[in-house]
Number of protein chains: 2
Amino acid sequence: MNRDTASARPADPAESRPSRATVGRLSLYLRQLEGILGQGTLKVSSRQLGQAIGITDVQVRKDITYLGNLGQPGIGYPTRDLIAAIRRVLCIDREWAVALVGVGNLARALLRYKGFLQRGFRIVALFDADPSKVGERVEGLEVHPPEKMREVIAATKAELGLLAVPSDSAQAVADSLVNAGVRGLVNFAPVVLRLPAHVSLVAVDLTVQLEQLAFQVQHTDVD
Amino acid sequence: MNRDTASARPADPAESRPSRATVGRLSLYLRQLEGILGQGTLKVSSRQLGQAIGITDVQVRKDITYLGNLGQPGIGYPTRDLIAAIRRVLCIDREWAVALVGVGNLARALLRYKGFLQRGFRIVALFDADPSKVGERVEGLEVHPPEKMREVIAATKAELGLLAVPSDSAQAVADSLVNAGVRGLVNFAPVVLRLPAHVSLVAVDLTVQLEQLAFQVQHTDVD
């Protein structure tokens, strides 16, 4: 469902890049590690981390090799160093400014979701084509009309965009965001977007998720 | 991020089961095919389908082998037959009753999302622990207290559950849903759930999606 624009390019031998699956697991480790550090635990083993997210310690150690030299597996990894290394590899050791288009219920849920800011994703700009919403303030941010997209995105330096618009306007909104300088999009609309190669896309299609779930349920025997 | 409980079981030689990736692509084909049929096009080629979702026609033909014998690749597949076969394989040639727990903004967005019902997922029951929400009607459905979960889920025959609750209550709510008879869960809370083997889980973690996007953007050169 996701399009990894990078996968079409030749691999750079100078850097060993983790796969999408590894990147996903690094995110999960990070969440666990922050909890572990919050409890005051300064060392963590691959076994602990693996158990916490339900995978083998072999896989954990393999993933951790992407983070550079972080001590010996036998005696555990320093929690703080692991966190810092994962944040660096995931490129979230910085803040990302995010524009959100389509100010409906989904947008309100996204705006109130505390996890984004905790991980360095700050929603800085809102847009909606509905004149009755333009000018409204939602969670402290003003809703701008689409005509101001280029100007507001330049001013707020938004690099990522969240598309919470209906399917029939998703492509046009995506094009506008890209023209305004956004380099990565999360699309919540159930429609396939066509984007230039330099723009990254993550599609969050809830119907596809439900279909996968239904398929699993149907193929899992009740004990 | 997803846990496929089925993958831990020995393969059944009597049925060749499509992978999770194939299941995801079948969902995307289905969406395209419904659009194609809506335009009155009764035959479709693997090339058309592949172009529509940005993959090769070889992959499309490979995926279509899971659907049984559907005519010859050279002359195109009958659109209606493809749709019916995909719905059958995905187990959405029936309706699935869905319970939704946590009636906040995300829940309201999910309730208004037309795509679920179009694909046979009907939200039939709402639950919230907040007494001020209990008894309220949202999109025509009454909000029930958690104590009534077993009773309401039995009455509505809900098989799937959507968890739109805060992280710190997600595990308890998941346990209640499973005890009430739900067999598959979509978890929107950024927390890893532990569930019995007969329960399927799809995790929709928006922060992980944003982290993957940031990683891609960081590793994609602007032309």
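Order of the sequence lines fixes the chain letters, A, B, ..., with proteins taken first and strands second; residue numbering starts at 1 for each chain. As a basis for the values below, the full set of heavy atoms in this structure was taken, side chains included, without hydrogen atoms, waters or symmetry mates.
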Please output the side-chain donor-acceptor pairs of residues 164-175 of chain A that fall under 3.5 Å, not counting sequence neighbours, one pair per line with the distance.
from	atom 1	to	atom 2	distance (Å)
S169(A)	OG	P166(A)	O	3.3
Q171(A)	OE1	R194(A)	N	2.9
Q171(A)	NE2	D175(A)	OD1	2.9
Q171(A)	NE2	R194(A)	O	3.0

Salt bridge (Lys or Arg N to Asp or Glu O under 4.0 Å) assessment of R31(B) paired with E211(A): CA-CA 12 Å; R31(B) 178 155 304 124; E211(A) 283 173 359; 5.2 Å; no

Would you mind checking which part of L26(B) comes under 4.5 Å of any heavy atom in chain A, side chain (CB onward), backbone (N, CA, C, O), both or neither? neither

Tell me, out of G35(A), G184(A), G120(A), who's got the most heavy-atom pairs with chain B below 4.5 Å. G184(A)

So do V23(A) and L90(A) actually touch side chain to side chain, heavy atoms under 4.5 Å? yes

Worked verdict on D81(A) versus L67(A) for side chain to side chain contact (heavy atoms under 4.5 Å, CB included): CA-CA 10 Å; D81(A) 293 357; L67(A) 306 177; over 6 Å; no

Side chain to side chain contact (heavy atoms under 4.5 Å, CB included) for V199(A) and L177(A)? Distances and angles first, verdict last. CA-CA 10 Å; V199(A) 179; L177(A) 280 168; over 6 Å; no

Can you tell which part of R87(A) gets under 4.5 Å to a heavy atom of chain B, answering side chain, backbone, both or neither? neither

Side chain, backbone, both or neither: which part of L30(B) has a non-hydrogen atom closer than 4.5 Å to chain A? side chain

Worked verdict on L82(A) versus L49(A) for side chain to side chain contact (heavy atoms under 4.5 Å, CB included): CA-CA 11 Å; L82(A) 262 187; L49(A) 265 183; 4.2 Å; yes

Please lay out, stage by stage, how R119(B) and E34(B) fare under the test salt bridge (Lys or Arg N to Asp or Glu O under 4.0 Å). CA-CA 11 Å; R119(B) 310 228 158 238; E34(B) 287 171 341; 2.9 Å; yes

Sort by residue number and list every residue of residues 96-108 of chain B having at least one heavy atom under 4.5 Å from chain A. W96(B), N105(B), L106(B), R108(B)

Option that, when pairs with chain A are counted at under 4.5 Å, heavy atom only, ranks first among L110(B), I92(B), L185(B): L185(B)

L33(B) versus L37(B): any side-chain heavy-atom pair under 4.5 Å? no

